Amino acid sequence: MEGGEESVEIENSKDLQQQSKALDKLTDHHDDNNHRQLDSTRVQEAMASIAASKEADLNAMRLSSKPFAIANGAEPTTISILEKELAAVKINPAEVDIIANELEMDKKVAERTLREHKGDAVAAIRHLIQVGNL
């Protein structure tokens, strides 16, 4: 009977090995899901960071005209004249809203760009797209 007991033990050990492998597969699958979830969280964080960076770049570009002009020898009065000229440009507030909403940007930036392009919404949008700050 010793031979019969050995065959039962061998079968039991094979069953245990199969069960162990099946359990490992289940836990490995669970770990993959956790990694995917972590990866998607990282992607979302990266996308938010990129969006914030683009918005900051656009704001910096908008504000950079003043320091650039001063650095190149322009008088502060020249800058104020430029600001007055931009303020005098008539724009349609609805176009500002459309640009800001469709391009997902700050309304002040959309308004400034529209004024810089003398109220031409198409030219302003083309400029914003070409600059690549969207």
Side-chain angles (χ1 to χ4, degrees):
M1 291 232 172
E2 288 179 20
E5 288 179 21
E6 285 181 30
S7 66
V8 171
E9 286 179 27
I10 292 173
E11 288 177 18
N12 285 339
S13 88
K14 286 182 181 178
D15 286 340
L16 288 174
Q17 287 176 354
Q18 288 176 349
Q19 290 174 359
S20 177
K21 286 181 183 178
L23 182 62
D24 285 341
K25 286 182 183 179
L26 287 176
T27 57
D28 287 345
H29 180 69
H30 180 68
D31 289 341
D32 288 343
N33 286 337
N34 285 339
H35 290 297
R36 287 183 191 148
Q37 187 176 15
L38 290 175
D39 290 344
S40 68
T41 302
R42 283 184 166 172
V43 168
Q44 289 173 349
E45 290 171 356
M47 294 296 288
S49 174
I50 290 170
S53 175
K54 284 185 178 182
E55 186 68 26
D57 288 347
L58 189 56
N59 286 334
M61 183 182 75
R62 179 179 56 86
L63 297 174
S64 70
S65 62
K66 291 180 185 178
F68 178 76
I70 292 171
N72 287 318
E75 295 292 324
T77 54
T78 306
I79 296 169
S80 63
I81 291 171
L82 174 64
E83 293 296 323
K84 287 179 183 178
E85 288 175 0
L86 287 176
V89 174
K90 293 185 179 183
I91 58 170
N92 184 348
E95 290 176 344
V96 173
D97 289 338
I98 290 170
I99 292 171
N101 290 334
E102 293 300 319
L103 300 180
E104 297 177 353
M105 63 182 353
D106 185 50
K107 285 186 179 185
K108 290 179 183 180
V109 175
E111 180 180 340
R112 170 86 180 194
T113 306
L114 191 57
R115 287 185 188 280
E116 289 172 349
H117 289 86
K118 310 230 184 293
D120 184 355
V122 174
I125 292 169
R126 284 185 179 154
H127 171 78
L128 290 167
I129 291 171
Q130 285 175 349
V131 171
N133 286 315
L134 298 177

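Just so you know, these numbers come straight off a predicted model, no measurement behind them.
For the pair Met105 and Leu128, the minimum side-chain heavy-atom distance is below 4.5 Å. You'll find the side chain of Ile99 stays beyond 4.5 Å of the side chain of Thr113, heavy atoms only.
Salt bridge status for Arg112 with Glu83: present, with a side-chain N to carboxylate O gap under 4.0 Å.
Ile98 and Val89 are not part of a single hydrophobic cluster, where members link through side-chain heavy atoms under 4.5 Å apart.
Annotation for Gly119 and Glu95: closest pair O-OE1, 3.6 Å, computed over non-hydrogen atoms. Closest heavy-atom contact between Arg115 and Ala87: NH1-O, 3.2 Å. Contact record, Glu111 with Ile91: CG-CD1, 3.4 Å, taken as the closest heavy-atom pair.
Put simply, CG on Leu114 and CG on Asn92 are 8.5 Å apart, with the number rounded to the nearest 0.5 Å.
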